[in-house]
Every structure is written in structure tokens, then in C-alpha cells.
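Small disclaimer: the values here were computed from a predicted structure and weren't measured. Naming: A, B, ... by sequence-line order, numbering from 1 per chain.
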Amino acid sequence: MRLATWNVNSVRTRVDRVLAFLERSGTDVLAVQETKCRDDQFPHLPFEAAGYHVAHHGLSQWNGVAVVSRLPVEDVEVGFPGMPTWGEPAAAEARALGATVSGVRVWSLYVPNGRTLEDPHYQYKLDWLAALRDAAHGWLAADPAAQVALVGDWNVAPRDEDVWDPAAFAGATHVSPPERAALAALGEAGFAEVTREHTPGAYTYWDYQRLRFPRNEGMRIDLVHASPALAARVTGAHVDRAERKGKGASDHVPVVVDLA
DNA sequence: ATGGTAGTGTTACTA
């Protein structure tokens, strides 16, 4: 089975690119982030016409997550237990959707950006990651053999090598020790990031501004964390860098994992 | 010189 994750930065703008990627790559299950639409605005027809099942959760023009699958999708869950809220009045955002495909529990995750270290959004980000860790720990405690994939846009670069110039990120989000610790805590909960060893030096995101892509000034922030039973099935991974090229590209590219 | 892009929906906000 081939599993992928991709922050598409608007599914309506990029539906043709997403379908072309699915066909070209032979991806069976794609976790999508930043659909940027409500459920009633999601382009269901072209996906269904191409033979894909879609589970989507979107509340507004912000965020929005989905699982797109060739195979049947079961047990769709919106948000995870304990997921923090945001805003006034406080409300859950469309940042997490769980769905089971062929016995694999796939969570499409769009971690809050954090904005700046002083912004309340930064603490929201840390709280969100801590709550996810707790929920994921609980899933594995309930079933140590569970095949769980926590995939998506984490908005954290786990290591200095995951940004083009660590010095340029001094005092910035995405690289701060608390954010990196929050991600590392997933390891303590039993999850392992499975794409790095197969994609050394790869970036998954390049800002639209300042010629970041032509200069290869990117970041690795799209990651796949697998439970032990799922990690044991991983045979390879790649980053579809070509998807960043040309007119109408997302600022993120797909990250693809092959499972035995 | 401290800019520059892209999305949504409206001229602001998010990234």
C-alpha cells in the first residue's frame, strides 16, 4: 500500500494537480491538509469520478483536512480527544481527521503555525501537540499492535538540517526547542518518524516568496509518524519534489510512504 | 532597499 500526505493549499484551486498526482504516483491513501473550504464546497465530483473515496472536514476558508482513498474509508473521526480549541468564542478548528483504510488508522493533521514565539497561537500550537501526544499514547496503550499513521503538516522542523539556514531562524517558530520537544514526545509515546531515513536532506516546503524554491531554501515540516506495527511495514519513502514546479504549485509537496 | 507570493473572500487575514 502506498500512503502519502500533502498540504495542497486549497483543494479547489488544485484539484487537477491532486488527481494527476494520485494517478501518477499510484497512491492508495492520501492525507490532505489545507483544503481551505467547507464540506459543501469540496470538489467531491471529480474525485468520485476518478474512483476515490473522500472523507473531508472543513469549517471555513481556513485549515481543512481530508483523507482521499482508492480503498473504502471507515470510522471517520473529526478531531482527536482533547484537541485544544482556538478563538473567541473558543472552538475546535478543522485540523485533524482520522479514518481507517485497510486496517491502517490514518490521521490527517494540520498543526497550528504558531506565528511568533510571543503570539498566543504559539502556546496553542504547543498545547495542540501535547494533546495529540496524549491521545496517540492512549491509542497505543489500548492496542499496542495498532497500525496508526500520524501524518501531515507539522509546522515544525525537527532538526537544524531541516531548514536551509538555521541562523535565519533564530528566534523564529518551527525550530524552537519547545516545538521540537513536543514533536520528540511522540517518540516517547511510541511513534517513529519513518520518512527521514529514506529521504536524507529533503525539504517538503518552500515559501512562495523570495525565490525560495529556485534557491532550494526550504524546510522539512511534512512528516509521517508511525506506530511500531506500522513502522515495521515501511519499505521506503520519497518526497515528490517535482510537484513544487510550474504554475499553480502548492508551497508543499507530497511525502510518500510505501508499506509492505 | 528590509521588498518579493499565493490563497480566500474583501480590501484583511493567514501562511
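Applying a 4.0 Å cut-off to non-hydrogen atoms, the residues of residues 108-129 of chain A that approach DNA chain B are A/Y110, A/N113, A/R115, listed by residue number. Near-neighbour residues of DNA chain B inside residues 5-23 of chain A, defined by a heavy atom below 4.0 Å, number-ordered: A/N9, A/S10, A/R12, A/T13, A/R14.
Boundaries of the chain A contact region on DNA chain B are B/dG4 to B/dA15, first to last in 5' to 3' order (nucleotide atom under 4.0 Å from a heavy atom).
Shown here are the ring pair (Phe, Tyr, Trp, His ring centres under 6.0 Å) partners of A/Y205, two or more places apart in sequence or in another chain: A/H252. Considering only residues two or more places apart in sequence or on other chains, A/H225 meets the ring pair (Phe, Tyr, Trp, His ring centres under 6.0 Å) condition with A/W154. Applying the side chain to side chain donor-acceptor pair (under 3.5 Å) test to A/S25 and every residue at least two apart in sequence or in another chain returns A/T27. A/Y208 meets the ring pair (Phe, Tyr, Trp, His ring centres under 6.0 Å) test with no other residue; sequence neighbours excluded.
The side-chain hydrogen bond (donor to acceptor under 3.5 Å, both in side chains) contacts involving residues 138-148 of chain A comprise A/Q147-A/R233, where partners must be two or more places apart or lie in separate chains. Within the structure, salt bridge (charged side-chain N to carboxylate O under 4.0 Å, His left out) pairs that include any residue of residues 146-155 of chain A do not occur (at least two apart or interchain). Applying the salt bridge (charged side-chain N to carboxylate O under 4.0 Å, His left out) test to every pair with at least one member in residues 21-36 of chain A, sequence neighbours left out, gives these pairs: A/R24-A/D240, A/R24-A/E243, A/D28-A/R70. Applying the salt bridge (charged side-chain N to carboxylate O under 4.0 Å, His left out) definition to pairs two or more places apart or across chains, those involving residues 201-224 of chain A are A/D162-A/R220, A/R212-A/E217. The salt bridge (charged side-chain N to carboxylate O under 4.0 Å, His left out) contacts involving residues 125-134 of chain A comprise A/K125-A/E179, where partners must be two or more places apart or lie in separate chains.
B/dG3 and B/dT8 have their P atoms separated by 25 Å, with the value rounded to a whole Å. On the C1' atoms, B/dG9 is 12 Å away from B/dT14, given to the nearest whole Å. For the C1' atoms, the distance linking B/dT11 with B/dA6 amounts to 16 Å, nearest Å. Here the separation of B/dA15 from B/dG4, taken at their C1' atoms, is 15 Å to the nearest Å.
Across all strands shown, A/R244 has no heavy atoms under 4.0 Å from either base or sugar-phosphate atoms. No engagement by A/Q33 is indicated, since no non-hydrogen atom pair under 4.0 Å with the nucleic acid exists.
Classification of A/E161 and A/R196 as a salt-bridged pair holds, one side-chain N sitting under 4.0 Å from a carboxylate O.
If A/Y208 and A/D251 are placed on DNA chain B by their nearest nucleotide, the residue sitting closer to the 5' end is A/Y208. Each of A/E34 and A/Q61 was matched to the nucleotide of DNA chain B holding its nearest heavy atom; the match closer to the 5' end belongs to A/Q61.
Using cut-offs of 30° and 60° for the angle between ring planes, the A/Y124 and A/W86 rings count as parallel.
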